[in-house]
Amino acid sequence: MPFSFPTGTARLVAAGACALALTTLVGCSDGGGGGGDSATESATRSPTDGGTQVTIKNFKFQPASLAVSPGAKVTVVNKDSTTHTLTASKGGSFDTGNIAPEKGVTFTAPSKAGNFPYTCTIHPFMKGTLTVK
């Protein structure tokens, strides 16, 4: 039995459903072609300039690299329209848990010096580094 395309109102409804599905899929994208290290393009802040805040916006950590003193308080603010996390990639040094849109969480940086890569566990293409020195 050959397939026939819908006509009239059925055709408009089908086109609208396809457009809605595509819009939803694009809304879940970072716009960067599916990942990569685009989140690491932001500038690094040092502990001397008071940079103890990471903002999540447009599916990126800003700044993507943050330097702090051992045991410093780091505040993470989610300015996106979806939930995110900021979680140490290895060793469980820190994990904000889920941060709802327009909410913030503060965590304590590790007490030992080193580089601590992190990611959003919900959107693994989002990456950054916390440097404790």
Side-chain angles (χ1 to χ4, degrees):
M1 173 177 229
F3 176 77
S4 62
F5 287 98
T7 60
T9 304
R11 184 179 212 162
L12 289 174
V13 170
C18 287
L20 180 61
L22 287 174
T23 302
T24 302
L25 289 173
V26 170
C28 291
S29 170
D30 71 337
D37 289 336
S38 61
T40 60
E41 296 171 4
S42 299
T44 300
R45 293 188 188 177
S46 66
T48 57
D49 68 6
T52 57
Q53 179 171 304
V54 176
T55 301
I56 302 171
K57 188 173 182 180
N58 298 323
F59 289 83
K60 294 181 182 179
F61 294 112
Q62 300 171 354
S65 296
L66 180 66
V68 297
S69 300
K73 300 291 185 194
V74 179
T75 300
V76 184
V77 179
N78 182 1
K79 294 290 186 182
D80 259 340
S81 59
T82 189
T83 300
H84 292 290
T85 74
L86 190 150
T87 306
S89 298
K90 295 180 182 175
S93 301
F94 49 88
D95 182 358
T96 62
N98 290 345
I99 308 171
E102 301 302 323
K103 300 292 182 188
V105 173
T106 299
F107 71 91
T108 303
S111 58
K112 70 173 194 165
N115 289 322
F116 298 87
Y118 58 82
T119 188
C120 172
T121 58
I122 302 168
H123 309 100
F125 59 86
M126 295 174 58
K127 298 176 182 180
T129 303
L130 180 69
T131 300
V132 177
K133 55 182 176 178

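- A donor-acceptor pair is defined here as one N or O able to donate and one able to accept, closer than 3.5 Å; no such pair exists between the side chain of T83 and the backbone of N98.
- Every residue two or more places apart in sequence or in another chain that forms a side chain to side chain donor-acceptor pair (under 3.5 Å) with K73 is listed here: T108.
- Residues L86 and F107 form a side-chain contact, since some pair of their non-hydrogen atoms from C-beta on lies under 4.5 Å apart.
- Note on I99 and V77: separate hydrophobic clusters, where clusters join Ile, Leu, Val, Met, Phe, Trp and Tyr whose side-chain heavy atoms are under 4.5 Å apart, directly or indirectly.
- With contacts defined as side-chain heavy-atom distances shorter than 4.5 Å, the pair V76/T106 does not qualify.
- The minimum heavy-atom distance linking K133 with A113 is given by the pair CA-CB, 4.4 Å.
- The two residues V54 and L66 have their closest heavy-atom pair at CG2-CD2, 3.7 Å.
- Shown here for T82 and H84, the closest heavy-atom pair between the two residues is O-CD2, 3.4 Å.
- Considering only residues two or more places apart in sequence or on other chains, K57 meets the salt bridge (charged side-chain N to carboxylate O under 4.0 Å, His left out) condition with none of them.
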Given L130 and F94, is the side chain to side chain contact (heavy atoms under 4.5 Å, CB included) satisfied, shown in steps?
-> CA-CA 10 Å; L130 180 69; F94 49 88; 3.8 Å; yes
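- Scanning all heavy atoms of the two residues, the minimum distance from A109 to V74 falls at CB-CG2, 4.4 Å.
- Scanning all heavy atoms of the two residues, the minimum distance from A88 to S93 falls at CB-N, 3.8 Å.
- When atom types are taken as modelled, the side chain of N78 and the backbone of K103 share no donor-acceptor pair closer than 3.5 angstrom.
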Side-chain donor-acceptor contacts of residues 115-122 below 3.5 Å, not counting sequence neighbours, with atom names and distances?
from : atom 1 : to   : atom 2 : distance (Å)
N115 : OD1    : T131 : OG1    : 2.8
Y118 : OH     : A64  : O      : 3.2
T119 : OG1    : P124 : O      : 3.3
T119 : OG1    : M126 : O      : 2.8
T121 : OG1    : T85  : OG1    : 3.1

